[in-house]
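In what follows, a structure is listed as structure tokens, so that the remarks can point back to it.
Within every chain, numbering begins at 1; the chains are lettered A, B, ... in the order of the sequence lines, protein sequences first and strands thereafter.
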Protein chains: 2
Amino acid sequence: MTTNITLDEVARAAGVSVSTASRVISGAVRVAPNKREAVLQAVRDLGYRTNLIARGLASGRSMSVGILTQDISSPYYGEVLRGIEEGLEGSGYSPLFVSGHWRVEEEASALDTLLGRPVDAMIILGGHTPDERLIQIAERLPLMAVGRNIRGLEDTCLRVDNVQGACSVVQHLLELGHHRIAYIGGPTSHRDASDRLQGYRQALEDAGLDFDEGLVIEGDFMEASGLLAVESLLLRGTSFTAIMAANDQMAYGARLGLFRRGIRVPEDMSLVGFDDLPNSTFTTPPLTTVRQPTYEMGLAAAQAMLKMLAREPVEAQHFHAELKIRESTARLGRTMRGRRSVRV
Amino acid sequence: MTTNITLDEVARAAGVSVSTASRVISGAVRVAPNKREAVLQAVRDLGYRTNLIARGLASGRSMSVGILTQDISSPYYGEVLRGIEEGLEGSGYSPLFVSGHWRVEEEASALDTLLGRPVDAMIILGGHTPDERLIQIAERLPLMAVGRNIRGLEDTCLRVDNVQGACSVVQHLLELGHHRIAYIGGPTSHRDASDRLQGYRQALEDAGLDFDEGLVIEGDFMEASGLLAVESLLLRGTSFTAIMAANDQMAYGARLGLFRRGIRVPEDMSLVGFDDLPNSTFTTPPLTTVRQPTYEMGLAAAQAMLKMLAREPVEAQHFHAELKIRESTARLGRTMRGRRSVRV
DNA sequence: TTGTAGGCGTTATCAC
DNA sequence: GTGATAACGCCTACAA
């Protein structure tokens with residue numbers, strides 16, 4: 001039990017009524033300068049702090065926004081969270097983070113937690129919650145989504161074009177002379193994963209190349225699966241000169257798998273990721289990847305949400321995925337003399 | 001404005017009083033089975049959800065705990081946050097994360113935010129907030145700290161022995177035959193940093209080796225500073241055969257710096273980090289480092305805090321730092337033939 | 001401009 | 001067991 005100073009005591013100390021004290025604290029309304037000072041003085045003296053719970057009940061606004069993320073320690077969403085935090089800075093709203101771990105039931109209970117608080121608005125990061133549920137929630141409070149597309153709420157969904165991003169990777173590799181590009185995909189249930197795979201296929205098709213099932217393998221977006229994927233690909237015996245992973249984490253795993261086999265990147269094998277995690281600048285070699293403006297999207301989501309809370313209209317925003325060419329990709333054949341076979 | 005179903009409506013629908021409805025919802029007290037069922041039915045029918053704000057006001061407990069972290073996207077604290085989340089699971093308490101970014105004023109306002117909500121308890125992760133302030137807060141509500149030591153509150157501070165951890169690194173390197181061990185430290189204002197430096201010095205002393213200023217350089221715990229540190233060390237012209245970084249992030253940077261110079265790890269140079277970030281298993285080569293049980297500490301912090309909330313006594317807990325020997329360290333001289341000079 | 005009083009949704013304290 | 005009713009701390013008409 002936290003027996004705090006209440007507005008009542010402040011008012012008494014300042015010799016004014018609670019309402020006057022309230023007005024001073026809340027700011028907006030005009031109050032006589034002398035009384036205002038008296039109140040502020042009392043606040044300082046007593047160390048008063050507005051009880052946001054009480055204010056929330058009285059005003060009907062909790063001054064908190066719910067953020068449904070999938071993993072609080074995810075390097076990918078971490079950047080988005082940072083952007084959201086930044087965007088909320090100084091707005092008076094506090095973020096309330098809950099994690100869904102990509103499991104529908106867990107997301108559902110996390111959403112219930114947020115609705116039960118209740119929060120004034122929500123930002124949804126990815127996840128598998130059905131569109132219907134989100135639309136339902138959006139009817140009751142401002143809702144923004146990052147990294148997913150909700151049919152009917154397109155304007156409040158912040159996404160990058162994963163198809164295009166994946167295309168640009170393939171094009172880059174093709175330009176470097178690679179024709180046999182292995183693909184380590186994400187879980188097919190995941191929208192980003194399917195979009196990126198689609199980009200890979202489309203770019204190959206555009207280049208007049210056949211899609212080869214034998215070059216594709218499915219991972220789960222985690223490092224270990226990238227490692228295993230490389231092992232599997234090598235065991236298959238099909239030849240390839242570049243690997244494209246559907247995200248950076250799997251690319252890290254793939255990198256290690258190649259390292260274990262003594263296959264050099266990029267001399268023997270080009271490697272590309274997707275996401276441009278903070279770490280990708282510092283891998284050895286730095287990873288060619290696709291940068292999504294995750295921080296910016298978090299920031300934009302927060303700002304758009306604040307607009308909605310202020311009943312201002314928000315319009316659709318587009319974010320571009322940008323290919324970051326670093327040192328994990330190289331022209332095919334340039335170092336052919338030192339090249340080892342990638343066949344096992 | 002979220003016009004929600006209220007207890008009142010539920011009670012009316014169930015044909016009972018609000019008090020009875022409240023009792024059913026809250027659980028504890030006994031209620032006639034038939035009325036209980038009627039209430040639960042009404043809850044389902046109307047889709048009632050307890051308003052935690054109102055409950056908080058009435059009960060004096062907000063059922064939320066404040067977590068002061070430094071960076072919501074920090075890979076190090078991320079693990080702790082995950083542990084805390086897990087530890088709170090099913091307890092009814094929700095975590096409220098705020099970030100201080102290692103800046104005293106920002107931490108102070110973050111703490112104010114938490115106190116103003118108000119939260120029922122707090123967990124402090126690192127930071128530079130003065131001990132006095134934390135002690136002051138701890139008098140009003142249960143408080144646990146991870147990664148810092150508050151004089152007078154030792155029992156509620158979860159830490160690992162950084163000195164010992166750093167010692168074990170040096171010992172490992174000495175055993176491998178390294179005598180010239182460069183050290184990339186963290187900011188001196190940082191307690192973990194000074195402890196680790198102390199461990200480095202102490203281990204050298206114990207081994208009868210002189211401490212060489214020229215082998216030590218100060219970074220800021222970020223990757224880029226590790227890269228710069230390697231550059232500086234090489235420019236100094238002093239020779240060394242191993243690098244010990246005060247955290248993994250700087251070790252990543254150092255790794256890249258060495259890579260750029262064509263210095264191989266571990267053939268030409270052994271490299272050790274500290275923290276065992278999730279990524280360190282997947283760098284090339286996997287990094288020898290010191291594992292701190294961060295997830296476990298987060299979990300333990302949450303559990304201890306729940307105990308305190310239940311007015312149960314908590315006792316001091318000790319966590320051990322464990323040297324994880326991986327592939328970035330090797331015996332000196334073993335690959336001497338292929339060795340390049342590390343002098344520039 | 002200021003104060004009084006009612007209400008926000010729930011829990012807690014009483015009687016019954 | 002159950003049901004009125006008074007808090008909880010604040011905001012906000014409404015009246016002065």
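If you measure from atom CZ of R61(B) to atom C1' of dC8(D), you get 14 Å, rounded to the nearest angstrom. We find that CZ of R12(A) is positioned 12 Å from P of dG9(D), with the value rounded to whole Å. Look at CG on L57(B): it is 4 Å from C1' on dC8(D), rounded to the nearest Å. In this entry the distance linking CG of D120(B) with P of dC8(D) reads 17 Å, nearest Å. Atoms CG (N51(A)) and P (dC8(C)) sit 19 Å apart, rounded to a whole Å. Atom CZ in R23(B) sits about 11 Å away from atom C1' in dC14(C), given to the nearest Å. In this structure, the CG atom of D8(B) is 14 Å from the C1' atom of dT11(C), given to the nearest Å. In this structure, I53(B) atom CD1 and dC10(D) atom P are separated by 13 Å, rounded to whole Å.
No hydrogens or angles were tested; on distance alone, nothing pairs the side chain of R49(B) with the base of dG9(C) as donor and acceptor under 3.5 Å. With hydrogens and angles left out, the side chain of R36(B) and the base of dG1(D) share no donor-acceptor pair within 3.5 Å.
Taking only side-chain nitrogens and oxygens, S59(B) never comes nearer than 4.0 Å to OP1 or OP2 of dT11(C). Contact annotation: T20(A) reaches the phosphate of dG3(C) (side-chain N/O to OP1 or OP2, under 4.0 Å). For S26(B), a side-chain nitrogen or oxygen approaches OP1 or OP2 of dT11(C) to under 4.0 Å. Of the side-chain N and O atoms in T6(B), none sit less than 4.0 angstrom from OP1 or OP2 of dG9(C). Regarding contacts with the backbone of dC11(D), a side-chain N or O of R55(A) is found under 4.0 angstrom from either OP1 or OP2. S22(A) has a side-chain polar atom (N or O) that falls below the 4.0 Å cut-off from OP1 or OP2 of dC11(D).
The aromatic rings of H128(A) and H190(A) sit perpendicular, their planes meeting at an angle over 60°, well past the 30° parallel limit.
Using a 4.0 Å heavy-atom distance criterion, S19(A) is classed as a base contact. L7(A) comes within 4.0 angstrom of the backbone, heavy atoms only, and of no base.
Between the CD1 atom of I137(B) and the CD atom of E132(B) there is a distance of 11.5 Å, given to the nearest 0.5 Å. Atom-to-atom distance recorded for T156(A):OG1 and K307(A):NZ is 14.0 Å, nearest 0.5 angstrom.
The listed nucleotides are dT2(C), dC8(D), dG1(D); the one nearest the side chain of R30(B) is dG1(D).
Between A58(B) and P33(B), it is P33(B) whose nearest contact on DNA chain D lies nearer the 5' terminus.
Inspection of the Q70(B) and Y76(B) side chains reveals no N or O donor paired with an N or O acceptor under 3.5 Å. Remark: the N162(B) side chain and the R191(B) side chain contain no N/O donor-acceptor pair separated by less than 3.5 Å.
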